[in-house]
Protein chains: 2
Amino acid sequence: MTTSKVYIETFWQIHRMIEEAGLQPGDRLPSERELAERLQVGRSSVREALRALELLGLIETRRGEGTFMKPFGEHQLIQLLGSFILQGNREKRDLVETKLLIERTCLQLACERMTEEKFEHIAQVEHTYHLFFRRIVEATDNYLLLRIWLVLHDFFEHVYTIDVPSEFYDEMSQALQKKCCVEAVAVYERYVMQNMSKDK
Amino acid sequence: MTTSKVYIETFWQIHRMIEEAGLQPGDRLPSERELAERLQVGRSSVREALRALELLGLIETRRGEGTFMKPFGEHQLIQLLGSFILQGNREKRDLVETKLLIERTCLQLACERMTEEKFEHIAQVEHTYHLFFRRIVEATDNYLLLRIWLVLHDFFEHVYTIDVPSEFYDEMSQALQKKCCVEAVAVYERYVMQNMSKDK
DNA sequence: AGAAGTTAAGTGGTCAGACCAGTTGTTGAC
DNA sequence: GTCAACAACTGGTCTGACCACTTAACTTCT
């Protein structure tokens with residue numbers, strides 16, 4: 001009756017096992033062979049289940065050492081999805097546009113939530129676009145947005161190089177310190193968005 | 001030197017194969033045995049790679065029949081991820097916020113690019129949030145944004161139910177027809193954003 | 001005793017071969 | 001022409017073997 005596939009079943013059993021044992025990031029799972037014996041299935045089925053857990057970013061396997069719980073939030077998902085998405089020129093155009101839109105949104109949000117402490121954090125950082133904007137996105141205090149931005153930026157860097165004048169960092173810092181969202185967005189639009197659209 | 005794992009390598013090779021052959025939803029992939037021989041790897045490695053593709057929602061396997069391309073957008077992954085990732089409230093909060101921000105951004109963009117034809121497309125559609133907003137996001141003519149939105153929305157639906165009054169659709173349609181971005185955003189903020197933030 | 005090198009056991013990674021359980025298309029009897 | 005039986009595929013699973021790598025225990029030498 002239950003034509004449920006073994007590796008699916010195994011997937012859930014391992015998942016339950018993790019929960020019940022209360023495994024924390026860094027903890028080690030039983031070896032593949034032990035899991036196979038304990039769950040009364042073949043090792044290949046265990047492996048297919050583990051692949052799924054790995055893809056979900058729940059576990060990490062280290063050859064010769066074992067299988068370990070991974071820290072929360074490092075989802076393979078978005079990375080993988082991303083690599084499927086980007087293929088043709090059409091996609092590159094979309095990538096640029098999406099990145100600009102999301103950065104502007106993050107900037108606005110970050111500006112609203114900017115605290116003195118966070119501002120210091122940004123002001124001190126080396127003036128590279130990646131580091132600078134990362135701090136900004138982090139200031140949104142939204143981890144999911146950060147993940148999405150990281151992926152977009154990562155892909156972006158493989159296609160284009162970003163080059164903004166040092167005035168950008170200065171003026172942006174000023175706007176952020178004043179917590180003036182409108183000005184921050186204006187600076188962004190002037191130095192980044194216009195820059196990108198003319199570079200194509 | 002390249003200790004790259006075979007099943008990872010195989011994963012990408014199959015992915016490339018799919019692209020180059022231009023396989024469409026419904027099309028059949030070579031059998032596992034044939035893939036193994038053609039790529040010169042063991043069948044188990046092929047299977048682990050296929051598991052990953054399956055989890056990503058790209059393919060579907062039918063016992064006795066074969067492996068087939070799956071229609072776009074049916075991510076197995078999402079449902080699984082939902083049960084894992086969206087456990088903490090922090091993650092849910094981020095999800096809601098991100099979805100709202102991206103929808104607002106899409107709405108603005110779509111409004112700018114709205115054509116009469118596209119508007120008809122939207123106006124005709126059944127008044128469910130998913131279908132209605134999907135058309136809006138499609139009107140941005142940015143496939144990457146659409147992908148991101150689909151993922152977010154899928155997640156979201158597993159956690160919350162969206163319920164907006166029918167006035168929302170009417171007023172939004174009006175704003176879109178007038179191509180008035182400001183009004184469209186205002187309608188969105190009134191009916192959706194405020195709604196979500198009070199629901200917690 | 002302490003340090004350095006060696007060995008053995010354990011782990012994930014991979015492969016080959018076997019068998020099961022379904023599907024499909026062919027064949028052949030009626 | 002129909003329909004049942006069969007053969008040839010497909011994915012699903014298990015087993016056992018080997019490789020590459022890590023760790024820890026065990027020598028051995030100084």
If you only use heavy atoms from C-beta on, which nucleotide in [options] is closest to the side chain of [X]?
X       : options                : result
A/Glu32 : D/dG12, C/dG13, C/dT14 : C/dG13
A/Val41 : D/dA20, D/dC14, D/dG11 : D/dC14
A/Thr61 : D/dT10, C/dG12, D/dT13 : C/dG12

Output the rounded distance in Å from [atom1] ([X]) to [atom2] ([N]).
X       : N      : atom1 : atom2 : result
B/Glu54 : D/dG12 : CD    : C1'   : 11 Å
A/Glu34 : C/dA9  : CD    : C1'   : 15 Å
B/Arg63 : D/dG11 : CZ    : C1'   : 7 Å
A/Glu37 : C/dT11 : CD    : P     : 12 Å
A/Phe11 : D/dG12 : CZ    : P     : 16 Å
A/Ile14 : C/dG12 : CD1   : P     : 11 Å
A/Arg62 : D/dA20 : CZ    : C1'   : 16 Å
B/Glu60 : C/dG22 : CD    : P     : 17 Å

> Residues in salt bridge (Lys or Arg N to Asp or Glu O under 4.0 Å) with B/Glu138, at least two apart?
Replying inline: B/Arg134, B/Arg135
>> If you take any heavy atom closer than 4.0 Å to DNA chain C, which residues from residues 43-51 of chain A end up in contact?
In response: A/Arg43, A/Arg47, A/Arg51
>> According to side-chain contact (heavy atoms from CB on, under 4.5 Å), who are the partners of B/Leu131, at least two apart in sequence or on a separate chain?
In response: B/Val125, B/Glu126, B/Thr128
>> The criterion is side-chain contact (heavy atoms from CB on, under 4.5 Å); which residues satisfy it with A/Arg62, sequence neighbours excluded?
In response: A/Glu60, A/Glu65, A/Phe68
> Do B/Glu9 and B/Lys5 sit within salt-bridge range, that is, some charged N less than 4.0 Å from a carboxylate O?
Replying inline: no
>> Taking the basic N atoms (NZ, or NE/NH1/NH2) and the acidic carboxylate oxygens, is any pair closer than 4.0 Å for A/Glu48 and A/Arg51?
In response: no
>> Test: side chain to side chain donor-acceptor pair (under 3.5 Å). Region: residues 168-184 of chain A. Which pairs qualify, not counting sequence neighbours?
In response: A/Glu171-A/Arg190, A/Glu171-A/Tyr191, A/Lys178-A/Glu183
>> Can you tell me if A/Arg28 touches the phosphate of C/dT11, counting only side-chain N or O atoms and a distance under 4.0 Å to OP1 or OP2?
In response: yes
> Sequence neighbours excluded, which residues qualify as side-chain hydrogen bond (donor to acceptor under 3.5 Å, both in side chains) partners of A/Glu97?
Replying inline: B/Arg113, B/Asn142
>> I'd like to check the side-chain hydrogen bond (donor to acceptor under 3.5 Å, both in side chains) partners of A/Thr105; sequence neighbours left out, ordered by chain and number.
In response: B/Thr105
> So which one's nearest nucleotide on DNA chain D is more toward 5', B/Leu29 or A/Gln40?
Replying inline: B/Leu29
> Which residue pairs pass the salt bridge (charged side-chain N to carboxylate O under 4.0 Å, His left out) test with at least one member in residues 32-41 of chain B, sequence neighbours excluded?
Replying inline: B/Glu32-B/Arg43, B/Glu32-B/Arg47, B/Glu34-B/Arg38
Can you name the atoms? Protein N/O to nucleotides 23-26 of chain D N/O, anything below 3.5 Å, with the distance.
from, atom 1, to, atom 2, distance (Å)
D/dT23, OP1, A/Glu65, OE1, 3.4

> Any donor-acceptor pair under 3.5 Å joining the side chain of A/Arg33 to the base of C/dG12?
Replying inline: yes
